[in-house]
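Proteins come first, then strands; the chains are lettered A, B, ... in the order of their sequence lines, and each starts at number 1.
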Protein chains: 2
Amino acid sequence: MAATVVATHERADAAERILRAAIALFRERGYHGSSMRTLARALRMEAASLYYHFASKQDILFAILDRTLDGLLDGVGRAVAAVDGPPARLRAAVRFHVLFHAHRQHEAFLSGSELRSLTQANLRLVLARRDEYERVFRGLLSVGARAGVFQVGDVRLTAMAILTMCTGVATWFSDRGRLAPESIADRYVEMILRSVTRHPKGSPS
Amino acid sequence: MAATVVATHERADAAERILRAAIALFRERGYHGSSMRTLARALRMEAASLYYHFASKQDILFAILDRTLDGLLDGVGRAVAAVDGPPARLRAAVRFHVLFHAHRQHEAFLSGSELRSLTQANLRLVLARRDEYERVFRGLLSVGARAGVFQVGDVRLTAMAILTMCTGVATWFSDRGRLAPESIADRYVEMILRSVTRHPKGSPS
DNA sequence: CGTGCTACATAACGAACGTTAGATAGGTAT
DNA sequence: ATACCTATCTAACGTTCGTTATGTAGCACG
């Protein structure tokens, strides 16, 4: 029994390995551009064997996006709960968002680009949770605006601007690039805070 | 002869109609998720007939991205040439970029999302011109920073942040949405200028 | 020692894919 | 009238697709 548990953890179990390979493959070629045979080949398996772990190709995509949204919702919740006040909370949320899109770059990319490959039922589930995630940011902006520390003309628009800007990190970030995730996060936090912070006297332009 | 010209212009010629339909289809289902038969059906043609106008499915995708990059490079060139000084030029460039991604939303979206579906040779051509486009923005930031009117920690990073933020407009903009392209552009210009403009006395946070 | 479960493999299914070959209807030019 | 050109069609090609049915090696457990 204990031996079984250890063995299971020594190398990631098959379902986990499949998801990891699928993330890389879907990222590179897209969902429809990837075949079950190609995915299997990357894992040194036969395509039919994948069906022992997942009921369908669609289920693999959904599992990826579902887990990614788990990570986003859980992460942003922890990040904002750890500090107080709108500026600190927005900083924390932006910082988390950027770091997530650098560290879990490929799955994060898929969560934006492969929504169209989901079945209608799966899309509904994913979109509901993505909306929930976006509401966190809108909430932070609203609270800050009401408190007078933020100056945002339109909360929804500003939230989309912030999120798409940070989400974009997943499209161009490189492990071997010039900038570490932490540096990128710091700069993004700075830019975003500058653009939403209320200026007591006159606008800077 | 004159009659022929008139007839040609009365309704868009076939190649044009094919590109328009392909833009909508690729946007909705992705390149690999769209078939030549589905594209033909949208045009009330048979799939084989498409090959009279384009040599391959790949050629259709390339034509779309190529024309989109024409529009971007030409447009940003005109926009920045029309005004003087780094802040006005950055405003003009950002404004153009946002408006383009709202007005030509679907093709702009494809230019970011379907690069991976291009053959290596076509990808090289497209990327070279996309780099050229990005250099325009980096140039504007550099000049402004050297002139002391902008304060940007890292030109490349700031340029990517600005571009991905504005490019994101193509992912969520809706014709029937609450905000007109002009309003979005105005707000984006404001946010971006705020985040890069040098503050003479102390930082706002 | 055998029974059953886990995790794969082999082989095959029908459907859909991008693409090509060849025919044809309708207009234009000679 | 004839020859040609443009733009489409029908039919079919070989390939690949997601998926299913079935077989089997290795291990756990009684």
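Regarding B/Leu43, its CG atom lies at a distance of 15 Å from the C1' atom of D/dC9, rounded to whole Å. Rounding to whole angstrom units, CE of residue B/Met36 and P of C/dA16 are separated by 18 Å. Distance NZ (A/Lys57) to P (D/dG18): 4 Å, rounded to an integer number of Å. D/dA7 atom P lies 10 Å from atom CD1 of B/Ile18, rounded to whole Å. Between the P atom of C/dA16 and the CZ atom of B/Arg29 lies a distance of 13 Å, rounded to the nearest Å. Between the OH atom of A/Tyr51 and the P atom of C/dA12 there is a distance of 19 Å, rounded to whole Å. With rounding to whole Å, B/His32 atom NE2 is found 12 Å from C/dC17 atom C1'. Rounded to a whole Å, the CZ atom of B/Phe54 is 13 Å from the P atom of C/dT19.
Residue pairs meeting the salt bridge (charged side-chain N to carboxylate O under 4.0 Å, His left out) criterion with at least one member in residues 135-145 of chain B, sequence neighbours excluded, are B/Glu134-B/Arg138. The list of ring pair (Phe, Tyr, Trp, His ring centres under 6.0 Å) pairs with a residue in residues 28-69 of chain A, not counting sequence neighbours, reads A/Phe26-A/Tyr31. Sorted by first and then second residue, the salt bridge (charged side-chain N to carboxylate O under 4.0 Å, His left out) pairs with a member in residues 97-112 of chain B read B/Arg104-B/Glu107; sequence neighbours excluded. The side-chain hydrogen bond (donor to acceptor under 3.5 Å, both in side chains) analysis of residues 36-47 of chain B, with sequence neighbours excluded, yields the pairs B/Ser35-B/Thr38. Listed by first then second residue, pairs satisfying side-chain hydrogen bond (donor to acceptor under 3.5 Å, both in side chains) with a partner in residues 121-133 of chain A read A/Gln58-A/Asn122, A/Asp66-A/Arg129, A/Asp70-A/Arg129, A/His97-A/Tyr133, A/Thr119-A/Asn122, not counting sequence neighbours. Within the structure, the salt bridge (charged side-chain N to carboxylate O under 4.0 Å, His left out) test picks out the following pairs touching residues 73-85 of chain B (sequence neighbours left out): B/Asp74-B/Arg78, B/Asp84-B/Arg89.
Here the straight-line distance linking atom CD1 of B/Ile192 with atom CZ of B/Arg91 works out to 11.0 Å at 0.5 Å rounding. Atom OG1 of A/Thr171 and atom CG of B/Leu115 lie 10.0 Å apart (nearest 0.5 Å). Atom CZ in A/Phe137 sits 7.0 Å away from atom SG in A/Cys166 (nearest 0.5 Å). One distance of note links CG of B/Leu118 with CG of B/Leu61; it measures 5.0 Å at 0.5 Å rounding.
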What N/O pairs connect the protein and nucleotides 12-16 of chain D at under 3.5 Å? Give each pair on its own line.
from, atom 1, to, atom 2, distance (Å)
D/dA12, N6, B/Arg37, NH2, 3.4

Each nucleotide N or O in nucleotides 5-9 of chain C that has a protein N or O under 3.5 Å away: list the pair and distance.
from, atom 1, to, atom 2, distance (Å)
C/dA7, OP2, A/Tyr52, OH, 3.4
C/dC8, OP2, A/His53, NE2, 3.1
C/dA9, OP2, A/Glu46, N, 2.7
C/dA9, OP2, A/Ser49, OG, 2.7
C/dA9, N7, A/Ser49, OG, 3.4

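Under 4.0 Å is where a charged nitrogen must lie from a carboxylate oxygen, and between A/Glu190 and B/Arg194 no such pair does.
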What pairs of donor and acceptor atoms, side-chain ones from residues 154-163 of chain B against any protein atom, are under 3.5 angstrom apart with sequence neighbours left out?
from, atom 1, to, atom 2, distance (Å)
B/Asp154, OD1, B/Arg156, N, 3.1
B/Asp154, OD1, B/Leu157, N, 2.8
B/Asp154, OD2, A/Arg178, NH1, 2.7
B/Thr158, OG1, A/Arg187, NH2, 3.3
B/Thr158, OG1, B/Asp154, O, 2.7

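For B/Pro87, the side chain to side chain contact (heavy atoms under 4.5 Å, CB included) partners are B/Val149, B/Phe150, B/Leu193, not counting sequence neighbours.
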Evaluation steps, side chain to side chain contact (heavy atoms under 4.5 Å, CB included), between B/Arg95 and B/Asp186:
CA-CA 7 Å; B/Arg95 177 178 178 77; B/Asp186 286 346; 3.1 Å; yes
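Proximity of residues 19-27 of chain A to DNA chain D (heavy atom under 4.0 angstrom from any strand atom) is not detected for any residue. Near DNA chain D, defined here as any heavy-atom distance below 4.0 Å, there are no residues from residues 59-68 of chain B.
As judged by a 4.0 angstrom heavy-atom cut-off over every strand, B/Ser34 is placed among residues touching the sugar-phosphate backbone only.
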